[in-house]
2 protein chains.
Amino acid sequence: MTKKITKNPRARKSTSGRAPTLIDVAKVAGVSPITVSRVLNQPDLVSEDAQQRVRRAIDEIGYVPNMLAGGLASRSSRMVALIVPTIANSIFAETVQAITDTLAQAGYQTLLGISAYEDEQEKQLLEAVLGRRPDGIILTGTYHAPDIRKRLEVTDVPVVETWDLSPDPIDTLVGFSHTRVGEAAAEYLLAKGHRRFAAVSANDQRAVKRLDGFLQTLANAGVDEPIVAKVPTPARFQLGREGIAGILDQASGPIDAVYCSSDTLAHGVMVEAQQRNIRIPQDMAVIGFGDLDFSEYTLPPITTIRVNGAEIGRRAAMALLARMNSGDSNAVPGGVIDTGFAVIERESA
Amino acid sequence: MTKKITKNPRARKSTSGRAPTLIDVAKVAGVSPITVSRVLNQPDLVSEDAQQRVRRAIDEIGYVPNMLAGGLASRSSRMVALIVPTIANSIFAETVQAITDTLAQAGYQTLLGISAYEDEQEKQLLEAVLGRRPDGIILTGTYHAPDIRKRLEVTDVPVVETWDLSPDPIDTLVGFSHTRVGEAAAEYLLAKGHRRFAAVSANDQRAVKRLDGFLQTLANAGVDEPIVAKVPTPARFQLGREGIAGILDQASGPIDAVYCSSDTLAHGVMVEAQQRNIRIPQDMAVIGFGDLDFSEYTLPPITTIRVNGAEIGRRAAMALLARMNSGDSNAVPGGVIDTGFAVIERESA
DNA sequence: GTGAAAGCGCTAACAA
DNA sequence: TTGTTAGCGCTTTCAC
């Protein structure tokens with residue numbers, strides 16, 4: 001190692017081989033261990049004088065509390081497990097960022113798991129994470145493999161599901177209705193007078209819900225069934241391009257409007273349209289879903305159904321914090337919070 | 001809580017109020033606690049027969065090992081702290097994803113901290129995280145506030161710095177030279193015959209290094225000093241647009257080529273150029289840095305200096321794993337791995 | 001191949 | 001306001 005073991009006079013404890021403990025601090029400060037503990041966790045119970053001595057001692061020997069030991073003794077790890085399908089998508093990234101921020105401010109660390117939209121992954125991550133005794137768990141989506149769900153229902157760890165709505169949450173839910181998103185997209189396009197539709201959708205749980213809402217609303221309105229291109233997860237720009245290319249090649253007539261399950265796909269659709277000299281939105285309207293910042297400045301402008309990833313993250317984290325602090329019993333029932341979404345029109349540049 | 005406390009016959013331990021422990025397993029299996037521990041951690045030392053009985057017991061009572069206790073006793077938490085400036089940027093997101101994946105496969109969980117490019121944040125995150133006794137730490141960048149650095153040098157926790165190169169790493173380093181990236185950009189543009197330059201750069205540590213490399217190389221070549229627009233972090237699409245707009249408004253003549261510290265900024269530059277009927281690359285060349293997938297399909301195509309975020313993450317994680325497993329002493333010196341970068345030309349559509 | 005004893009570093013509960 | 005006594009649930013010796 002490049003690091004030199006300098007003869008730092010303060011390093012007496014670190015040279016002794018093991019990290020200084022609370023007992024070391026207590027000795028230096030001339031108090032009992034529990035007083036040191038109190039200075040750290042409930043300073044109000046300790047006299048000014050003792051606090052001073054203890055803090056001085058902590059600085060002097062470079063003491064860092066061992067939270068493994070603390071967690072074991074107090075049965076509270078001050079960690080939250082967060083499981084998301086991906087962070088490569090800017091909107092989930094915003095949510096993750098907001099969650100870690102909010103939790104960090106409240107003194108909780110975030111244990112991150114990325115499930116890649118795989119049940120098996122999610123299960124393994126949970127398995128691994130439960131052993132750490134997290135004080136709370138935040139999960140993306142409302143579908144979870146049956147055994148995972150059961151495990152979570154039995155645990156008394158507060159669970160927040162987010163990014164979706166469901167009639168039977170495990171515990172607490174902070175999200176919005178993807179079915180409604182799809183319906184809103186269809187309603188919007190129908191109101192604009194469009195009648196010949198196509199759809200490019202990813203095939204993950206929530207994208208499929210949106211698509212179903214979209215298709216169902218169209219069916220109810222009695223318009224022709226749209227051509228649908230389903231693309232694999234994670235949705236990449238180029239998949240949108242390929243998706244619409246296939247649709248346009250096989251379509252018997254012109255397409256009025258294209259529904260995309262995400263802005264990323266919508267972007268690909270737009271570029272392909274541009275290649276083919278199809279003007280947007282005059283020749284073909286495009287509606288996306290997700291992160292407005294992206295589509296707002298991409299030319300030509302498209303209509304987007306916008307959700308605020310950061311806001312969802314913040315609210316999910318706050319719901320969890322409330323849950324964790326509401327006494328540790330299951331007395332308080334978990335709630336459902338609908339964060340909603342907004343349709344953002346950007347027809348004219 | 002919505003969850004019903006069902007009269008599940010197996011839930012005898014969970015209804016008893018506390019989670020089953022290793023001792024509970026031992027009783028059911030008719031062995032001593034240490035045997036249970038061995039089945040979990042060193043199964044080779046235990047007879048087939050005993051293993052069977054223990055595993056059966058574990059399933060029966062739904063035992064989940066308490067890693068807080070395990071970590072305390074074994075002085076190894078099997079957690080790694082990861083501190084990044086942001087994940088809202090797809091390239092860092094890839095790195096984070098690769099790191100968590102690689103570590104998870106090796107049985108380590110990732111404790112995520114997001115520093116928002118703030119020293120103070122980074123410090124607090126580290127402070128908070130050190131108490132969890134992580135087995136390793138992965139940090140973004142090579143600059144760290146002096147006190148953070150000192151703290152880390154004294155610790156015997158393996159540290160991997162990534163996403164940059166430096167002559168004096170704390171321990172191990174996996175990254176590439178940002179100065180060289182800037183130089184390569186300048187060399188590339190100069191070779192194309194460009195002479196009147198502009199630059200739009202973010203103002204974080206590494207972006208500034210790239211910019212400096214770019215400017216220095218131009219200065220050495222004796223060309224006029226470029227107009228530079230520095231934009232705040234995190235770089236958003238629109239900042240690129242505003243940056244180049246300001247430059248074009250104040251420039252006394254045409255600009256041959258624009259250097260951008262990231263593809264996100266480059267995208268903004270391109271859109272603004274499009275608005276002003278400046279053709280790319282014929283009228284004005286643009287070079288970016290970061291994630292090829294983004295710029296490759298954005299029209300018009302630009303040249304990008306590409307780094308593979310996932311690859312960097314994987315290598316950083318593997319370096320850390322090697323470090324953590326190389327006996328716990330500081331015997332093995334930390335190494336420096338240069339992951340390099342590539343110049344991707346996309347001049348013609 | 002298995003077990004008994006002794007902590008890991010901290011905090012809960014009670015007492016003074 | 002402070003301290004004492006017992007653990008938290010596991011792994012490390014070391015013994016058999």
Asker: Is there a donor-acceptor pair closer than 3.5 Å between any side-chain N or O of R75(B) and the backbone N or O of L72(B)?
Answerer: no
Asker: How are the rings of F92(A) and W163(A) set to each other: parallel, tilted or perpendicular (split at 30° and 60°)?
Answerer: tilted
Asker: Run the salt bridge (Lys or Arg N to Asp or Glu O under 4.0 Å) test against R151(B) and tell me which residues pass, sequence neighbours left out.
Answerer: E127(B)
Asker: Residues from residues 45-52 of chain B sitting under 4.0 Å of DNA chain C, heavy atoms only?
Answerer: L45(B), V46(B), S47(B), A50(B)
Asker: Below 3.5 Å is the cut-off: list the nitrogen or oxygen pairs between protein and nucleotides 9-12 of chain D, distance only.
Answerer:
unit_1	atom_1	unit_2	atom_2	d
dG9(D)	OP1	R75(A)	NH2	3.4
dG9(D)	N2	A69(B)	O	3.4
dC10(D)	OP1	Y63(B)	OH	2.3
dC10(D)	OP1	N66(B)	N	3.1
dC10(D)	OP2	L22(B)	N	2.4
dT11(D)	OP1	N41(B)	ND2	2.6
dT11(D)	OP2	S37(B)	OG	2.4

Asker: Please enumerate all residues that pass side-chain contact (heavy atoms from CB on, under 4.5 Å) together with S77(A), with sequence neighbours excluded.
Answerer: M79(A), D135(A), L68(B)
Asker: So, does E94(B) use its side chain to make a donor-acceptor pair with the main chain of A88(A) at under 3.5 Å?
Answerer: no
Asker: Could you tell me the boundaries of the chain B footprint on DNA chain C, defined by atoms under 4.0 Å from its heavy atoms?
Answerer: dG1(C) to dG9(C)
Asker: Quick check for you: to the nearest 0.5 Å, what is the distance between Y63(B) atom OH and D24(B) atom CG?
Answerer: 9.0 Å
Asker: Check side-chain contact (heavy atoms from CB on, under 4.5 Å) between I87(A) and all other residues, then give those that pass, not counting sequence neighbours.
Answerer: V84(A), V96(A), I114(A), I87(B), A93(B), V96(B), Q97(B)
Asker: Side chains of T172(B) and R323(B): any donor to acceptor distance under 3.5 Å?
Answerer: yes
Asker: Using atom types as modelled and distance alone, determine if a side-chain donor or acceptor of T35(A) lies under 3.5 Å from a backbone N or O of V31(A).
Answerer: no
Asker: Could you please spell out the steps behind the salt bridge (charged side-chain N to carboxylate O under 4.0 Å, His left out) verdict for R56(B) and E60(B)?
Answerer: CA-CA 6 Å; R56(B) 220 186 303 282; E60(B) 190 189 333; over 6 Å; no
